[in-house]
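The structure appears below as structure tokens.
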Amino acid sequence: TPEFEDFGEAALCGNNGTSNYFRVDWFTPAGLGTWGDGRTVILGTKGYIELRKYIDVGRDQARSHLALASLNEVIARYPQSDYARDAELKLDMVRDQLAGKEMEIGRYYERAGHWLAAQIHFRKVVETYQTTSHTPEALYRLTESFLSLGMPEEAQKSAAVLGANYPGSKWYQRAYDLMQKHAPGA
């Protein structure tokens, strides 16, 4: 009788010669280093693209940057195709992953009291990955770091952008409370 495996895989071949390989490592510690690590490999005539979804943003994001470039190339080459529409959806996931990594690094520097280093990463989220789920927190962290650096006017600007774009978020409420406590006149 077959044994239970800690992964599943499938290969699909289309009538037009395309092929696709899927592998999913189950949500168990016996899977890969990240629980629920899944990957899709899309094979083409000139190579392949491997897409992976991680729960852990602490990993190296080099492959996420490669996926970003590859997905952008699909969109540029085949803008009106179903592939381009699918690539757009995957781009959102990749951008969120990369923004999460920037937030993790920024929080590290913030905990260490290295406010300028932290700001570099929070600004990158706001400027490069502004459509991701990490943007409200990045704006809050910028508000926090500007206050810590003694720059209440700049903190006010970050809090104002946060309030204008995410007025009902917990991050705006935290920024508002922080400004009232540390810079009420700003």
Side-chain angles (χ1 to χ4, degrees), residues 27 29 32-40 51-76 84-186:
F27 290 89
L32 293 180
T34 299
W35 296 13
D37 182 30
R39 65 186 92 157
T40 301
L51 302 173
R52 299 183 80 158
K53 178 159 183 1
Y54 297 118
I55 295 169
D56 178 13
V57 296
R59 288 180 156 182
D60 177 21
Q61 295 300 308
R63 288 186 181 208
S64 295
H65 286 286
L66 289 173
L68 191 69
S70 298
L71 292 167
N72 279 321
E73 185 173 340
V74 168
I75 293 165
R85 286 185 285 283
D86 188 49
E88 288 284 352
L89 296 173
K90 287 179 175 56
L91 272 176
D92 288 341
M93 181 181 72
V94 172
R95 287 184 190 117
D96 205 73
Q97 180 80 13
L98 293 169
K101 181 64 174 184
E102 292 298 326
M103 290 302 297
E104 181 181 283
I105 296 167
R107 283 188 222 104
Y108 167 82
Y109 284 122
E110 188 178 53
R111 283 189 303 274
H114 300 294
W115 300 105
L116 292 175
Q119 277 190 349
I120 291 169
H121 297 281
F122 299 143
R123 281 181 193 237
K124 186 168 185 179
V125 171
V126 172
E127 294 169 4
T128 306
Y129 306 115
Q130 65 268 28
T131 60
T132 68
S133 63
H134 299 281
T135 304
E137 182 186 355
L139 287 163
Y140 167 76
R141 300 289 177 186
L142 284 169
T143 302
E144 192 175 48
S145 62
F146 279 126
L147 287 172
S148 296
L149 290 167
M151 302 171 70
E153 296 82 14
E154 294 300 316
Q156 175 61 37
K157 290 176 188 175
S158 294
V161 171
L162 180 55
N165 292 287
Y166 306 96
S169 76
K170 69 179 181 182
W171 298 110
Y172 173 64
Q173 186 59 51
R174 289 179 184 180
Y176 179 83
D177 293 343
L178 201 61
M179 291 300 296
Q180 291 303 307
K181 182 176 179 182
H182 297 287

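The model shown is predicted, which means the values in this text are computed figures rather than measured ones. Positions are given from 1 along the sequence.
Considering CG of L68 and CZ of R95, their distance stands at 6.0 Å, rounded to 0.5 Å. Note that CG of D177 is 9.5 Å distant from OH of Y172, once rounded to the nearest 0.5 Å. Between the NE2 atom of H134 and the CD atom of E104 there is a distance of 10.5 Å, given to the nearest 0.5 Å. Atoms CD1 and NE2, on I120 and H114 in that order, are 12.0 Å from each other to the nearest 0.5 Å. To the nearest 0.5 angstrom, L139 atom CG is 11.0 Å from R123 atom CZ.
L71 and K90 make their closest contact through CD1-CB, 3.8 Å (heavy atoms, listed as atom of the first residue, atom of the second, distance). What you find for A84 and I75 is that their closest heavy atoms are O-CG1, 3.8 Å.
Taking 4.5 Å as the limit, every side-chain heavy atom of D96 sits out of range of all side-chain heavy atoms of Y129. The shortest side-chain heavy-atom distance between F146 and P152 does not fall under the 4.5 Å cut-off. Inter-residue side-chain proximity for V161 and Y166 is flagged as unmet; no heavy-atom pair is nearer than 4.5 Å. Residues L162 and W171 are in side-chain contact: their nearest non-hydrogen atoms beyond the backbone lie under 4.5 Å apart. At least one side-chain heavy atom of F122 sits less than 4.5 Å from a side-chain heavy atom of M103. Annotation: side chain of Y176 is in contact with side chain of Q180 (closest heavy-atom distance under 4.5 Å). Put simply, the side chain of Q97 does not reach to within 4.5 Å of the side chain of K101, judged on heavy atoms.
Here side-chain hydrogen bond (donor to acceptor under 3.5 Å, both in side chains) pairs that include residues 141-152, with residues two or more places apart or in two chains, are E110-R141, Q119-S145, E137-R141, Y140-E144, R141-E144.
Residues H121 and Y109 bring their aromatic ring centres within 6.0 Å.
A salt bridge links E154 with K157: at least one charged nitrogen is closer than 4.0 Å to a carboxylate oxygen.
Under the 3.5 Å distance criterion, the side-chain polar atoms of T135 are matched with a main-chain donor or acceptor of Q130. Between the side chain of D92 and the backbone N or O of T132, no donor-acceptor pair lies under 3.5 Å.
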